[in-house]
Amino acid sequence: MIMEHHIPFNARQLHWSRLLEQGAKGSGGWDLLVVGGGITGAGILREAARLGLSAALLEQRDFAWGTSSRSSKMIHGGLRYLLSGDFKLVRASVKERDRLLREVTGLVEPLGFLFSHYGGRFPGPHAFGGLLSLYDLFARRSRHHYYPSPDYLFLAPHIATKGLRGGTHYQDAVTDDARLVLRTLQEACLEGATPLNYVKVESLLTAKGRVVGIHARDEINGEQGEVFARIVVNATGVWARQLRANETPGPRIRPLRGSHLVFPFWRLPVAQAISLRHPEDSRPVFIFPWEGVTIAGTTDLDHEGDLEAEPCITRREVSYLLDLVNHQFPSLGIGEEDVLSTYSGIRPVIRGGRQNPSKEKRSHTIWEQDGMISVSGGKLTTYRLMALDVLDRAAPYLPQVKPGQLPAFSQFQNDPVPTSCPRSVSMARLRLEGHYGNHAMKVMGRTGSGELERIPGTNTLWAEIRWAAKSEAVMRLEDLLLRRVRLGVLLAGGGSHHFDRIQRICREELGWNAQRWEGELAAYQKLLRECYSVPAR
Ligand SMILES: Cc1cc2nc3c(=O)[nH]c(=O)nc-3n(C[C@H](O)[C@H](O)[C@H](O)COP(=O)(O)OP(=O)(O)OC[C@H]3O[C@@H](n4cnc5c(N)ncnc54)[C@H](O)[C@@H]3O)c2cc1C
């Protein structure tokens, strides 16, 4: 069924009513119901809505709360997967990278990478250049170049020089992962889809052994309801096995934790990403610039913790990442006290029986059981391909969609930001178009005094906070500061210098009184202490 009217993204109660009405027993139900509001679910919702299907998405916490706000933010082919012979994944990822660079400029941006070559260490310039030639071949463009040591040091100042022969420059891309999810959901919503955050799918409804719907609970007000659909898609990432009893057949998920350290840019200044192998175990790791800070990561470890709890970095991971920074930048004397923030995410990797977590394959898997389609694994970069694969698989249940007739992803339609805007805004113009798509103009439309300025130390405009609070289904302060904008990881104390001003915006746009603000602030600060900081010794 084609949705004729779209409901504004943040009109939560209207979306909830529509969810229940459209999904009521006997009403025909939704064409497609997606469980999980990370990039995988968002991509499926977007592509389903584009096809004119009636589609809803339910996320138990906030949109992108799971792995999709905690990645290394790279939109890349994954050079290291070439080494493991996963050519198909690399080729597909490179193509997706280039498509995203074209279609969402300002949200997916090119990023230069530098790999230093030291005497006696693998890979040397020739081997690495050969690998990159293949990588570039997939993109049909040569983008790598070798620089001998004196020239290379201009590109990578402060880098360890002992034994340095030179370095290779190549190109990939970077994004804001949570914003990519938000942008994708907004696009879906404009095409009539219904995305709801803080709605948990508690159980599945079955008839004659087939999944025909779900039982949902609104985590904000406790309301509950049954929702029927032609097809339910389980896009819950590492939680994919929990929607059904764990003993059911299907691939096993191996939850792998990856953690990052965030530094102020002035303390660890890198103009491009530094790609290197960790001195302890030779794993590929990165030190890269992002949104005005420098990030070092990632680790790759079996995650033993409770999946319901926020993942946190351990002291062992902090040492591992500090070792890597000091190995590559010994003269900077970086220590724990320099860390601005930390974050950890759990990779949904399909268990393939490898002992070393980093050797497990990163491609996605789709499986079907009792009429429910589940998808897990994969990468941020390949989310659209995953979505198309899922819809192909769902096609027999969806009369409007026939396998092989799925259209290609079309251009995002942006209203251009007028050139008459103040300089600070025209500089941020591409960013706003990329981050907010058709809403870019509205972000600037209703701003308070000085809100077209950047928040010091970030690329974020004050206007973005107001827009997010007003229009982006913010339920908690952490939604606003950790996922709509990223002040929680970009600024000391999670943005504590600006709390008064943020409070004013929340009061005006979200109607929070002093008591609500105090409660939200306390919860946010506790979360930062426990899961976004260096753990105490
Ligand atoms: C450390 C790290 C670094 C990475 N770096 C990169 C990178 O640089 N580039 C790249 O391409 N990829 C990267 N990845 C991989 C990428 O981030 C993931 O593949 C992707 O984010 C997974 O998205 P997802 O939507 O499948 O899962 P998630 O983002 O985890 O979304 C699943 C959602 O389902 C929700 N959910 C669970 N159960 C229920 C329920 N019962 N009801 C409703 N909702 C539910 C969860 O709350 C969650 O939000 C990285 C991953 C990690 C961990």
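Indexing begins at 1, ligand by ligand and atom by atom, following the structure's order. Each residue takes its place number in the sequence, starting with 1.
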Ring center gap for [X] and [Y] short of 6.0 angstrom:
{"X": "Y135", "Y": "F128", "answer": "no"}
{"X": "Y170", "Y": "F115", "answer": "no"}
{"X": "H169", "Y": "F113", "answer": "no"}

If you count the atoms of ligand 1 from 1 in the order shown, which ones are under 4.0 Å from a heavy atom of [X]?
{"X": "A235", "result": "32 (C)"}
{"X": "T298", "result": "1 (C)"}
{"X": "T40", "result": "23 (O), 24 (P), 25 (O), 26 (O)"}
{"X": "I346", "result": "53 (C)"}
{"X": "L58", "result": "43 (C), 44 (N)"}
{"X": "G345", "result": "53 (C)"}
{"X": "W65", "result": "47 (O)"}
{"X": "G258", "result": "1 (C)"}

Please determine which of R431, R179, K73 meets the salt bridge (charged side-chain N to carboxylate O under 4.0 Å, His left out) test together with E291.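 Answer to the salt bridge (charged side-chain N to carboxylate O under 4.0 Å, His left out) test with E291 among R431, R179, K73: R431.
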When you measure from the centre of the six-membered ring of [Y], is the NZ or CZ of [X] under 6.0 Å away and within 45° of the axis?
{"X": "K88", "Y": "F138", "result": "no"}
{"X": "R476", "Y": "W65", "result": "no"}
{"X": "R183", "Y": "Y383", "result": "no"}

Protein residue, atom and distance nearest to [atom], heavy-atom basis:
{"atom": "atom 13 (C) of ligand 1", "value": "S71 CB, 3.9 Å"}
{"atom": "atom 7 (C) of ligand 1", "value": "M74 O, 3.5 Å"}
{"atom": "atom 14 (N) of ligand 1", "value": "R347 NH1, 3.7 Å"}
{"atom": "atom 48 (C) of ligand 1", "value": "E59 OE1, 3.4 Å"}
{"atom": "atom 41 (N) of ligand 1", "value": "V201 O, 3.0 Å"}
{"atom": "atom 3 (C) of ligand 1", "value": "S72 N, 3.3 Å"}

Can a non-hydrogen atom of [X] be found less than 4.0 Å from any atom of ligand 1?
{"X": "R257", "answer": "no"}
{"X": "M386", "answer": "no"}
{"X": "V35", "answer": "yes"}

Any nitrogen or oxygen of [X], main chain or side chain, under 3.5 Å from a nitrogen or oxygen of ligand 1?
{"X": "L380", "value": "yes"}
{"X": "S68", "value": "yes"}
{"X": "I39", "value": "yes"}
{"X": "T67", "value": "yes"}
{"X": "R70", "value": "no"}
{"X": "G378", "value": "yes"}

Answer yes when E47 and R50 have at least one side-chain N-carboxylate O distance shorter than 4.0 Å, and no when they do not.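 Between R50 and E47 there is a salt bridge, with a charged N closer than 4.0 Å to a carboxylate O.
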So, R316 and E280, do they make that salt bridge, N to O below 4.0 Å?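 Yes.
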Using a cut-off of 6.0 Å, state whether more than 12 heavy atoms not belonging to R143 lie near its atom CZ.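 Atom CZ in R143 is packed in, count exceeds 12.
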Please determine whether salt bridge (charged side-chain N to carboxylate O under 4.0 Å, His left out) holds for the pair E336 and R315, giving the CA-CA distance in whole Å, both sets of side-chain angles, and the decisive distance to 0.1 Å. CA-CA 10 Å; E336 239 176 82; R315 289 228 41 102; 2.6 Å; yes
May I ask you to decide if the ring planes of F288 and H260 are parallel, tilted or perpendicular, using 30° and 60° as cut-offs?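 Aromatic pair F288/H260 classed perpendicular.
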If we set the cut-off at 4.0 Å for heavy atoms, which region of K73 has an atom near ligand 1: side chain, backbone, both, or neither?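 It is the backbone that touches ligand 1; the side chain stays farther off.
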Under a 4.5 Å cut-off applied to non-hydrogen side-chain atoms, are L268 and V325 in contact?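 Yes. Closest side-chain heavy atoms under 4.5 Å.
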